[in-house]
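For reference, the structure is listed below as structure tokens.
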Amino acid sequence: MAKDLLNFHIPIAATSSEYRTFPTKIHASSKPQNHEPRIRRHDSRKRTTFDRRRELRSVGNSILSIRRLLSNVNTGCLETALQMFEQMNKSSTFVWNVMIRGLVDSGLFQEAMEFYYRMRFEGIEPDNFTFPFVIKACAGVLGLKEGQSVHSTVIKLGLDVDIYICNALIVMYAKVSCVEDSEKIFEWMPVRDLVSWNSMVSGYVSAGDGWSSLMCFKKMQKVGVGLDRISCISSLGACALECCLLEGKEIFCQVLRNGLELDPMIQSSVIDMFGKCGKVDYAERFCVGIAQKNVVVWNSMIGAYALNDKPLESFSCMEMMQGAKDNVTPDTVTLINLLPLCSNLRALLKGKAIHGYAIRKGYLSHLVLETALIDTYGKCGSVMLAERVFSHMKRRNLVSLNAMIAAYVQNSKDREAIETFRDLQLESYAPDQMTFATTLAAYAEIALPKEGKQIHGLIYKLGISLGTYVPNALIHMYSKCGDLQAAREVFDRLVFKDLVTWNTIIMAYAIHGFGAYCFRLFSDMKNDGHEPNGSTFVSLLSACSIAGIVDEGWKYFDSMKRDYGLDPGIEHYGCMVDLLGRAGNLDRAKCFIDEMPSEPTSRIWGSLLAACRHHRNIKLAELVTNHIFSLDSDNTGCYVLLANMYAEAGRWEDAERIRCLMKKQGLKTTSSCSILENNGKTYKFKNNDKSLADSYIVFDVLDILSRKTGADLYFSSVSKLKPAELLKRRANSPIFHSVRLAICFGLINTTVGEPVLIRKNIRVCEDCHRAAKKISLITNREVVVGDSKQYHHFKDGRCSCGDYW
DNA sequence: GTAGGGTTAG
């Protein structure tokens with residue numbers, strides 16, 4: 001392998017430290033008044049062929065060997081070229097240039113840089129030919145520091161007026177996100193040509209600034225530079241970036257006027273532009289007219305369908321490309337385009353098929369493809385396969401790590417997500433907005449406000465540019481961690497709030513049971529000029545369902561379609577089943593599920609099951625569990641709920657039967673656990689947990705409170721227990737449930753007047769709920785308990801959930 | 001017999 005031969009490493013610092021500072025010469029000197037180039041360079045083009053031949057002969061390389069070297073480089077036989085190079089006399093700049101060019105052309109940018117440093121180390125002076133290659137290599141490795149160092153050398157050698165070098169610098173600075181430096185170079189260039197203008201147009205696109213690119217494109221035509229195929233490709237990219245159809249159409253007309261429509265790169269750029277501007281039909285019409293389509297053109301069309309929510313067309317497009325007429329083989333980009341469709345369709349098998357195809361074709365390992373696979377597996381619920389791809393990756397970057405964190409979060413592996421986030425920091429990756437937004441979602445599920453605040457501090461410290469993406473995740477995280485006040489502060493400080501921000505804050509108040517306040521926020525949102533979407537109504541209906549505001553719930557449900565043309569989705573139906581269940585209208589809830597336009601999920605049935613339990617309707621519960629098991633046979637919660645219902649009704653044989661069934665299937669109940677924080681430390685309690693050093697105090701307080709709240713609570717609610725069973729269960733009594741231990745610990749360790757905040761991994765049981773209400777009354781303290789769905793604010797003997805959850 | 005700008009993707 002060519003790379004093995006490139007084992008000559010010189011540390012960058014040893015060779016380029018003298019060029020580390022950014023060159024200021026071009027900015028400090030006065031702007032040239034005319035466009036006459038300052039002649040300061042040794043222009044090799046002025047040398048005659050004879051001179052060059054004589055020079056090359058004089059350094060001991062025969063013309064034949066140089067021709068062979070060039071031919072190897074030109075045909076991509078880098079390995080042979082490298083072997084030849086090592087045996088040649090290396091004192092001429094020419095042979096180094098040829099080698100560096102070869103490496104750059106093969107995408108071996110780091111190796112090209114190392115070759116340049118080696119050249120300098122051996123005392124060979126680079127010339128005007130060397131720098132365009134080297135600068136391109138700097139852009140390739142996105143090395144701003146290296147680029148600046150090379151730029152210094154260019155100035156020192158008086159080559160900063162060379163138009164080729166300047167053009168390369170423009171592109172390099174834009175690619176490393178310093179487009180202002182590109183602008184300065186462009187502005188100060190003594191002479192600009194079409195390539196200089198094109199470099200600026202494409203430079204702005206690389207920097208993500210499509211509008212500046214289009215303005216530059218217009219200006220270049222105004223000053224009479226004209227345009228060529230590359231101007232069109234770059235400006236079409238700008239239109240695609242900004243979804244600017246009008247400009248895109250104009251450029252398309254220019255393409256036709258200039259007869260450029262047969263150029264495959266133009267073709268793919270046009271399709272891509274139309275696709276990104278939401279005009280997949282235009283893209284399709286243009287694509288159909290292309291007689292011979294290459295793989296990039298096909299990929300652009302597949303991508304356009306995918307982007308415009310036409311997954312089936314994307315797949316059939318892939319089949320067409322492989323058809324007898326075109327017979328084009330899908331490449332890595334084709335697969336990368338198709339994988340998100342599998343994610344959206346939750347089509348795990350299709351994703352696996354693409355993975356298999358990639359392996360058969362030898363496309364792996366490929367960083368982007370592997371990242372897309374992690375994403376697909378994560379979204380399709382197979383975190384194990386995502387992990388497998390991740391662990392086999394030869395190379396990773398921030399995006400692949402973000403994808404793995406997201407896969408964990410999507411599959412409720414929040415601890416693993418946080419662990420991966422920590423690894424990412426240890427490996428010195430600089431987390432970005434995506435990293436934080438995803439990791440915050442993991443914290444939202446399992447953390448307490450203190451940990452959340454720490455990650456918030458880190459975001460602040462790193463100066464992550466915010467937008468709304470991270471603040472929205474922060475609002476969600478704080479509300480889920482129980483600190484609604486902190487969520488509100490983030491919301492209030494956010495100057496530009498988008499629809500997601502509003503939906504998130506409404507949901508924040510919803511899960512804390514402040515239903516009525518959510519309706520006010522909804523009205524504020526509309527006054528702020530936002531049209532609600534499906535998620536807004538999930539927030540609103542959740543608010544109604546959690547706070548038990550039945551009438552408003554129906555009002556919003558009806559308003560969705562009538563006022564906003566939004567079809568209720570499965571989540572909206574879920575909220576309505578909750579509401580009907582709460583009202584005790586179980587038959588109506590069942591009919592409502594039966595009449596749903598889409599197939600009910602196990603979650604929908606789960607809502608009805610919770611209602612059945614609340615209203616002690618075992619008959620319906622049995623029917624509902626059958627539905628749940630047919631969809632989700634290892635739904636532990638469902639087994640437990642049914643078993644408890646049987647137990648409460650004194651139907652011990654049935655309860656035992658359900659427990660046996662669980663055992664048979666190897667299902668284990670999730671053990672309850674409650675957490676709270678005190679003095680910056682998180683304390684974790686399990687049921688009947690005596691592991692804490694001063695747990696005897698906790699148990700003493702619990703004893704006092706149990707007496708005051710009526711220790712017979714538990715026994716009264718399960719009074720149909722047999723005496724033997726009663727004794728057996730004494731040890732597992734709800735009196736010692738984790739949440740009660742945590743409440744006692746909180747009461748002991750927090751200041752009077754401060755609420756006691758607890759998070760719990762599973763739903764609060766009826767006994768603990770009843771006890772918490774009494775404790776709040778007796779101690780005159782607010783107790784806040786968050787479970788997997790909502791928060792219960794216990795105050796003055798009442799709960800914000802209205803005793804339905 | 002060496003240079004600069006360019007398409008699709010996570």
Verify, without hydrogens or angle tests, whether A/Ser106 (side chain) and A/Gly102 (backbone) share a donor-acceptor contact under 3.5 angstrom. yes

Distance, rounded to the nearest Å, where A/Glu125 contributes CD and B/dT2 contributes P: 21 Å

Please classify the nucleic acid contact of A/Asp263 as base, sugar-phosphate, or nothing, using heavy-atom distances under 4.0 Å. nothing

Compare the minimum distances between each of B/dA3, B/dT2, B/dT8 and the side chain of A/Pro132, then state the nucleotide with the smallest one. B/dA3

Using a 4.0 Å heavy-atom cut-off across all strands, classify A/Lys276 as base, sugar-phosphate, or nothing. sugar-phosphate

Return the nearest nucleotide to the side chain of A/Leu367; candidates are B/dG10, B/dA3, B/dG1. B/dG10

Whole-Å distance, A/Met119 CE to B/dT2 P, equals 16 Å

Hey, does the side-chain of A/Asn402 have a donor or acceptor N/O within less than 3.5 Å of a partner on the base of B/dG10? no

Spacing of A/Leu159 atom CG relative to B/dA3 atom C1', expressed in whole Å: 12 Å

Consider the side chain of A/Asp162, meaning its heavy atoms from C-beta on, and name the nucleotide among B/dA3, B/dT8, B/dT2 that approaches it most closely. B/dA3

In whole angstrom, give the distance that lies between atom CG of A/Asn299 and atom P of B/dG10. 12 Å

Could you tell me whether A/Gln292 atom CD has more than 12 heavy atoms of other residues or ligands within 6.0 Å of it? no

So A/Ile302, base contact, sugar-phosphate only, or nothing? Heavy-atom distance under 4.0 Å. nothing

Categorize A/Leu169 for me: base, sugar-phosphate, or nothing, with a 4.0 angstrom heavy-atom threshold over every strand shown. nothing

Ignoring hydrogens and angles, does a donor from either the side chain of A/Ser268 or the base of B/dT8 sit under 3.5 Å from an acceptor on the other? no

Indicate, with a heavy-atom threshold strictly under 4.0 Å, whether A/Asp193 touches base, sugar-phosphate, or nothing. base

Could you list all the ring-ring contact (aromatic ring centres under 6.0 Å, His included) pairs where at least one residue sits in residues 355-395 of chain A, not counting sequence neighbours? A/His355-A/Tyr377

Closest approach to the side chain of A/Asn397, judged atom by atom: which nucleotide of B/dG10, B/dG1, B/dA3 is it? B/dG10

The side chain of A/Arg101 is closest to which nucleotide in this list: B/dA9, B/dA3, B/dG1? B/dA3

Less than 3.5 Å between a donor and an acceptor, one on the side chain of A/Asn337 and one on the base of B/dA9, is that the case here? no

CD1 of A/Ile251 versus C1' of B/dT7: gap in Å, rounded? 14 Å

Which of parallel (below 30°), tilted (30 to 60°) and perpendicular (above 60°) describes A/Phe85 and A/Phe115? tilted

Of the listed B/dG1, B/dA3, B/dT8, the closest approach to the A/Ser300 side chain comes from B/dT8

Give every donor-acceptor pair under 3.5 Å between a side-chain atom in residues 234-242 of chain A and any protein atom, sequence neighbours left out.
residue  : atom : partner  : partner atom : Å
A/Ser234 : OG   : A/Ile230 : O            : 3.0
A/Ser235 : OG   : A/Ser231 : O            : 2.8
A/Ser235 : OG   : A/Cys232 : O            : 3.2
A/Glu242 : OE1  : A/Trp211 : NE1          : 3.1
A/Glu242 : OE2  : A/Gly210 : N            : 2.8
A/Glu242 : OE2  : A/Trp211 : N            : 3.4

Which listed nucleotide (B/dT2, B/dT7, B/dA3) is nearest to the side chain of A/Ile233? B/dT7

What is the separation between atom NZ on A/Lys136 and atom C1' on B/dT2, rounded to the nearest whole Å? 13 Å

Atom pair distance, as rounded to whole Å: CD1 in A/Ile63 and P in B/dT2: 13 Å

Is it possible for you to check whether A/Lys310 lies under 6.0 Å from the centre of the six-membered ring of A/Phe315, through NZ or CZ, and within 45° of that ring's axis? no

To the side chain of A/Val296, which of B/dT8, B/dG10, B/dT2 is closest? B/dT8

A/Ile163 CD1 to B/dA3 P, straight-line distance once rounded to whole Å: 17 Å

